[in-house]
Amino acid sequence: MDTTKMCKFIIVVSLALCTVVLAVAGETCQNPSVASQVYSTHEASVVVNTALVAEFTLKCSNGVKNLALYAEINGQFVPVTKNEDGTHYQVSWVGEHKQAPRGVYPVRVFDSDGYQQIKKAQRNEESSGAIKALFTLSIDHSGPYRGPWLQSEFIAATTAIIVWYCAYTAKSKLQS
Amino acid sequence: MVGKKLTKQEELLLQDFSRNVTTKSSALFYGNALIVSAIPLWLFWRIHQMDPYQSALVWAAMTIVSTYLVAFAYRNTKFILKHKVAQRREEAVNREVMKSLGDDKKMSRKEKDERALWKKNEVADYEATTFAIFYNNAFYLVLAIILSFYILKTTTPTMYPLRLNV
């Protein structure tokens, strides 16, 4: 009787462990394949802030979809939004122009496990740079256009003043 | 003295010291003044986005006033400059006239002098006219640009045609 009970207990525990393993394995994306599109603000004369946006589709070899992802973008950790079927993801960052100068911005994307490791590192005041990301995107930001170096009215005013000055000088010479 | 006919020299002297201009010069002045006064209308229409139909009356009135004032400035500037130009060009004009009339034995010295005087007056008149137009146009456009884009930048566009005539 005791042996039977022991066997049953072992089987139940094994099944539970297998379930847990499978559940955990099911949430992890194996061999991620990413197709991405990136966007950054190109205009600063009327736009107040710079936006960095990355959209991507994720395919995992183990067929996992609808993952909860988190991204590190320009030093900030933000959740990655997704569409209804969990195939398209989007991550964005908005800030002042001076906080996003021209350059290439790596976007490290983490799954739940990775994010937990990051939170743990932050609690322990450790660097999160060593934590391996699921994959990394790059946003090439060429810098926003701030308008011409010289305003057109300034050039017009300067030219008009120069012409008038030449006329005034000639008039003064005539009257001298 | 009444009814006495003026000599050519006296006529020239009167013309010299008069602010009156010939019909040709007057037409030239008002034509140029109208063109220069109309230039800022493009600025009001396309840059300051004033509605041309609503502003037509104000624009027309101010353009007419501005035309008169600019032509007035032309006349005054020409009068001031004409004598100075005449003094500067006198020697060169005399030399040229004497050179062209030097071989003419039929013309007396007095007639040659009158011809030189007339030529000097014509040259001075033309040069003073063109320089007056050039100087006043440059001055007007400098004022229009600086007032429009810098000094009156924050006022409503309706004020712009009025301030041009200040």
Side-chain angles (χ1 to χ4, degrees), chain A residues 37-53 55 74 92-103 105 139-176, chain B residues 32 36 39-40 42-44 46-49 70 73-93 120 123-155 157 160 164:
Chain A
Q37 279 184 326
V38 297
Y39 167 80
S40 65
T41 301
H42 295 296
E43 230 278 324
S45 55
V46 291
V47 176
V48 179
N49 289 333
T50 293
L52 303 173
V53 180
E55 291 183 1
N74 205 17
S92 61
W93 174 91
V94 176
E96 292 180 2
H97 293 304
K98 58 184 178 187
Q99 293 177 330
R102 177 194 285 193
Y105 291 84
I139 299 179
D140 187 5
H141 178 49
S142 58
Y145 174 69
R146 296 178 190 275
W149 287 352
L150 292 173
Q151 298 293 326
S152 56
E153 59 263 28
F154 177 78
I155 296 172
T158 308
T159 308
I161 288 169
I162 290 171
V163 170
W164 171 77
Y165 180 74
C166 293
Y168 178 77
T169 308
K171 185 171 174 265
S172 300
K173 278 185 189 170
L174 269 175
Q175 288 182 293
S176 63
Chain B
N32 272 280
V36 167
I39 287 173
W42 179 84
L43 179 78
F44 302 144
R46 301 305 294 264
I47 307 295
H48 298 300
Q49 298 289 308
V70 172
Y74 286 158
R75 274 200 301 275
N76 286 343
T77 309
K78 179 200 165 180
F79 177 75
I80 292 166
L81 290 176
K82 187 176 173 183
H83 299 288
K84 298 291 182 182
V85 171
Q87 286 172 6
R88 284 180 177 264
R89 305 284 178 248
E90 185 174 9
E91 195 180 324
V93 169
K120 184 188 78 174
V123 166
D125 191 85
Y126 180 73
E127 189 170 338
T129 300
T130 50
F131 193 85
I133 292 172
F134 168 61
Y135 176 79
N136 284 291
N137 285 354
F139 192 47
Y140 182 85
L141 290 174
V142 158
L143 284 181
I145 290 171
I146 290 175
L147 282 171
S148 299
F149 289 113
Y150 296 103
I151 296 174
L152 297 175
K153 195 176 178 180
T154 54
T155 57
Y160 287 166
L164 267 184

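So you know, we letter chains A, B, ... as the sequences are listed, proteins then strands, and number each from 1.
- The two atoms that bring A:Ala160 and B:Val142 nearest to each other are O-CG2, 3.0 Å, heavy atoms only.
- Residue A:Tyr165 places its OH atom among 12 or fewer non-hydrogen atoms of other residues, nucleotides or ligands, all under 6.0 Å distant.
- Heavy-atom distances place the side chain of B:Phe149, and not its backbone, under 4.5 Å from chain A.
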Audit row: B:Ile145, A:Ile161, side-chain contact (heavy atoms from CB on, under 4.5 Å) steps and yes/no:
CA-CA 10 Å; B:Ile145 290 171; A:Ile161 288 169; over 6 Å; no
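- In this structure, the portions of A:Phe154 lying under 4.5 Å from any heavy atom of chain B include both its backbone and its side chain.
- The number of heavy-atom neighbours closer than 6.0 Å to CD of A:Gln37, taken from other residues, nucleotides and ligands shown, is 12 or below.
- For a heavy-atom cut-off of 4.5 Å, chain B lies close to A:Tyr168, A:Ala170, A:Lys171, A:Lys173, A:Leu174, A:Gln175, A:Ser176 in residues 168-176 of chain A.
- The two residues A:Ala167 and B:Phe131 come nearest to each other via the heavy atoms O-CZ, 3.4 Å.
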